[in-house]
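Have a look at the structure below before the remarks.
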Amino acid sequence: MAFVTPSSTAEKYDVIVVGSGAAGGQAAYTLTMDGAKVLMLEAGRNYDPVSETPMFQTPDQAPLRGVATPDKPYGYFDATVGGGWTVPGEPYTNQSQDESRQFSWWRSRMLGGRTNHWARHALRNGPYDFKPRSRDGLGFDWPISYEDVAPYYDKVEMLIGVYGQNDGLENTPDSPEGCLLPPPKARIGELLARQRARKLGIPIVPIRRAVLTRPLDHARIPARLHPGNAKAQRILAEDMRNRAACFWATNCGRGCSIRANYQSTTVHLPPALATGNLDILTDAMVREVTVDASGKATGVAYIDKKTGVGHSVLGRVVVLAASACETVRLLLNSKSNRHPNGIGNSSGLVGKYILDTVGASWGGQIPLLESLPPHNEDGAGGLHVYAPWWLYKEQLAGKLGFARGYHVEFGGGRGMPGGGAPYTPDTGGRTSFGPGMKEEARRYYGSHMFFSGRGEMIPNEDSYCDLDPKVVDKWGIPVLRFAWKWSEHETRQAAHMQKTFADWVEAMGGVNKAKPEADGSKAIQAGGKVIHEVGGTIMGADARSSVTNSWSQTWDARNVFVADGGVFASNADKNPTLTIMALAWRAADRVLDEMRRGNV
Amino acid sequence: MSDPLRGGGPPARIDRRLAIKWILAAGAGALLVDPLSLTAAGPAAVPGTGYGTDPAMTRPNRPGDCWPLTLSEAERRDVAALCDVILPADDRSPSASQVGVPDFIDEWISAPYPSQAKDRKAITEGLDWLRGASRARFGAAFADATAAERLALCEEIAHEAPTGSELEVASRFFRRFRNLTSAGFYTTPVGMKDLGYVGNVPLATFDGPPADLVAKLGLTGEVGW
């Protein structure tokens, strides 16, 4: 078993997994390691990170020095191919013409999905994050608690490799012994930011990222992850030996040909393929989940993008891991007599409560970091430290004017020059040039810092997606139509971010590049732009108020599961990917259990 | 193949292979350009589809590989001269034109993307102004003026001009052109070295900043892990 074509798929699979990213990769890994026969369908092309990743290429080897274009919105060397804010032939629409009421949808049509692109930030949700309504009366509680998910966080961290440190901070869980890899040393600007943040009460600790700062413990971890399963242990040990530790160069956003960071194609799929239990079909655009007369899923119908021809394939169980909103689209398009409004939609809630992360950014120039001696700051190809949310008590006491928190991602320094603005300050309205400009560039390079707030959005009735009644994609499949609205909880939070960052830059003796926005609606990034799309098929305690049960299993069809971020009933400030993987592993365990019991 | 935008002879530096590839890619490209856009609204975006969402990222690109370069020879000479006024050679690094920045600027303003199309208008208008001003004052193209003359003209437009003044367009052009020159220069290995960027090499360990630097900035107590 391996990569297949529409004519070489098996007649029937135990499980069909739609999507190959964090959720699909984890689900396929867990299922195949335990012996299930799985077909994975991916709407994009096959992609080989070992041969296709531009590792040491410099910007002058790219068109336009690698800057962002509509074709490559995160720059030429960003690993995303065949994706972006728009995908040719695959439109989506917005209900409102008002830009502040629109949602931008990032899609990644390639094997590995959005795991090719992400920052590798791997933060755990904390206990508060699963019970937010109990804490402040807003949004929804999840039907599960931190204790339910914690063992899966442990397992995912050991499997993918996460660096970080236990700091014992509020709602920022520690990991058990043996889960984390050592964090990299802080860079000089990070040390300065840490020292000066203390005056503001902001704690700076190592961030957690899915990057190997040392080789994984292949002698010990496989037995912990797969007790009693000798074959799985052998396969995983072998695969872990083939992942190199970080060599402290190149940005993770390009992907990693030495497999030092996590992406689905370098971590989840190789061992899953090695089991012999996984078939992967790329360029397969799934249009609907097929059902029998009783309403039970029988498999999926898909379009082979290479030929435009429709096919279907059978499975005992269907696991949707297509990204939160694409999964919504699939469920809504799966209409039948038993599911007249789409599978999972007897509650009318499929597509409701979609969420992104609150984002606001900031920049400052720090004179103390000028003219430093050259030294290598590439590090782990991303952040080394961050500030977890620190105002839980003030917030609960109602002192902040917004209900949920944010963390701060920040950095700067002596990274690879990227074709952005010049380093010179252009004082007195004069455009600097000539021999003095080279001197200025040497002085100012490395002295700029950026700050990005990443905050929690509360689900609301005005942020949702449904099927556009008029528009279809190039294969005739109805497309999604979005509606979006930030509440004051989010906009005030964005204003708080900018004010905090400006104070922080001042505390570092730095120069702010602008004045913070008092009106948070001007500071906040547009909906969808942080690409932390979750919700839309939220899990809950009963079939009336949610789409899936606590096992990510749809209430309406027992053999249809949602493994992606769609099941999130809230979107903590923590980046969602680690939680997506933990829940996907948990859902896959449930699938195996249901199959063993003959329930599906 | 005549250049639909510049109206002159064949575009600079397009080899036959590329020209054929481009004709095939653009179809009846020349016919798609609205002739009015060349006058009233300035030059339009170059027709074409860019490099697409799935380019071969590991294959090195040279300006002209993805779309044809469109500056005339005379314009390219002025561009090179202006680049070198902005970033001249010194004892640590060569000048901007010596590391290929004019090719980059030509690639930039010739690109079929909206943001580059905006720059195309600003840059070509600015180059027209530069040529006219240089001829009027020095009786020579900018590239053929003396170093002192070139410097004097740049100094004049380096200052922010009041809105509506005669020099407004020229000063805006100069700021934009300077930014492109800087971006082009400091993204080459030579420019990176000049800045003191010493990364992009594999290391066995990452040891953090030098201890004496940490001490000098009073940060020794912050090194917690």
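Numbered from 1 within each chain, the chains take letters A, B, ... in sequence-line order.
Counting heavy-atom pairs closer than 4.5 Å to chain B, the top-ranked of the candidates A:P206, A:A62, A:P182, A:S51 is A:P206. Note: B:V201 leads B:V201, B:L151, B:V99, B:L180 in heavy-atom pairs under 4.5 Å with chain A. Ranked by non-hydrogen atom pairs under 4.5 Å with chain B, the options A:A79, A:G436, A:G420, A:S432 are led by A:S432. Listed options A:R187, A:Q57, A:R414, A:M416 were ranked by heavy-atom pairs under 4.5 angstrom with chain B; first place goes to A:M416. Counting heavy-atom pairs closer than 4.5 Å to chain B, the top-ranked of the candidates A:V205, A:I188, A:L368 is A:I188. Looking only at heavy-atom pairs under 4.5 Å with chain A, the residue among B:Y51, B:W108, B:F104, B:Y186 that has the most is B:Y51. The candidate with the highest count of non-hydrogen atom pairs below 4.5 Å against chain A, out of B:G100, B:C154, B:G50, is B:C154. Options B:G224, B:A89, B:P210, B:G221 differ in how many heavy-atom pairs under 4.5 Å they form with chain A, and the most are formed by B:P210. Note on A:G84, A:G82, A:P184: by heavy-atom pairs under 4.5 Å with chain B, the leading option is A:G82. Counting heavy-atom pairs under 4.5 Å between each of A:P183, A:A421, A:G66, A:A380 and chain B puts A:P183 at the top. Chain A forms the most heavy-atom pairs under 4.5 Å with one residue out of B:M57, B:R59, B:E160, and that residue is B:M57. Of the listed residues (B:G208, B:P60, B:A158, B:G199), the one with the most heavy-atom contacts under 4.5 Å to chain A is B:A158.
Heavy-atom distances place the side chain of A:Y445, and not its backbone, under 4.5 Å from chain B. Neither the backbone nor the side chain of A:N251 comes within less than 4.5 Å of any heavy atom of chain B. For A:P373, the part lying under 4.5 angstrom from a heavy atom of chain B is the side chain only. If you measure heavy-atom distances from A:Q195 to chain B, the contacts under 4.5 Å come from both the backbone and the side chain. Only the side chain of B:Q116 comes within less than 4.5 Å of a heavy atom of chain A; its backbone N, CA, C and O stay farther away. Using a 4.5 Å cut-off between heavy atoms, A:R45 touches chain B through its side chain atoms alone. For B:S115, no part lies under 4.5 angstrom from a heavy atom of chain A. For chain B, no part of A:E190 is nearby; none of its heavy atoms comes within less than 4.5 Å. For B:T181, no part sits under 4.5 Å from any heavy atom of chain A, backbone or side chain. There is no contact between B:D84 and chain A, counting heavy-atom distances below 4.5 Å. Neither the backbone nor the side chain of A:R109 comes within contact range of chain B; no heavy atoms are under 4.5 Å apart. Residue A:M110: no heavy atom, backbone or side chain, is found under 4.5 Å from chain B.
For the atom pair CG (B:D78) and CG (B:L127), the distance works out to 6.5 Å, reported to the nearest 0.5 Å. A distance of 4.5 Å separates CG in A:L64 from CD in B:E107, rounded to the nearest 0.5 Å. How far CG of A:D71 is from OG1 of B:T49: 7.5 Å, rounded to the nearest 0.5 Å.
Within 6.0 Å of atom CZ in A:R214, 12 or fewer heavy atoms from other residues, nucleotides or ligands are found, so the atom counts as exposed in its surroundings.
Side chain to side chain, A:R107 and A:T86 fail the donor-acceptor criterion of an N or O pair below 3.5 Å. Of the N and O atoms on the side chains of A:E370 and A:S447, not one donor lies less than 3.5 Å from an acceptor on the other residue. Using a 3.5 Å distance cut-off with no hydrogens or angles, the side chains of B:R178 and A:T431 do not pair a donor with an acceptor. Inspection of the A:T282 and A:Y47 side chains reveals no N or O donor paired with an N or O acceptor under 3.5 Å. When only modelled atom types and interatomic distance are considered, B:S182 and B:N179 share no side-chain donor-acceptor pair under 3.5 Å. Checking A:T58 against A:Q61 by side-chain atom types alone, a donor-acceptor pair falls below 3.5 Å. No hydrogens or angles considered: nothing links the side chains of A:K72 and A:T80 as a donor-acceptor pair under 3.5 Å. For the residue pair B:T188/A:R65, the side-chain donor-acceptor check at 3.5 Å is not satisfied.
The aromatic ring centres of A:W106 and A:W85 sit less than 6.0 Å apart. Between A:F247 and B:F206, the distance from one ring center to the other does not fall under 6.0 angstrom.
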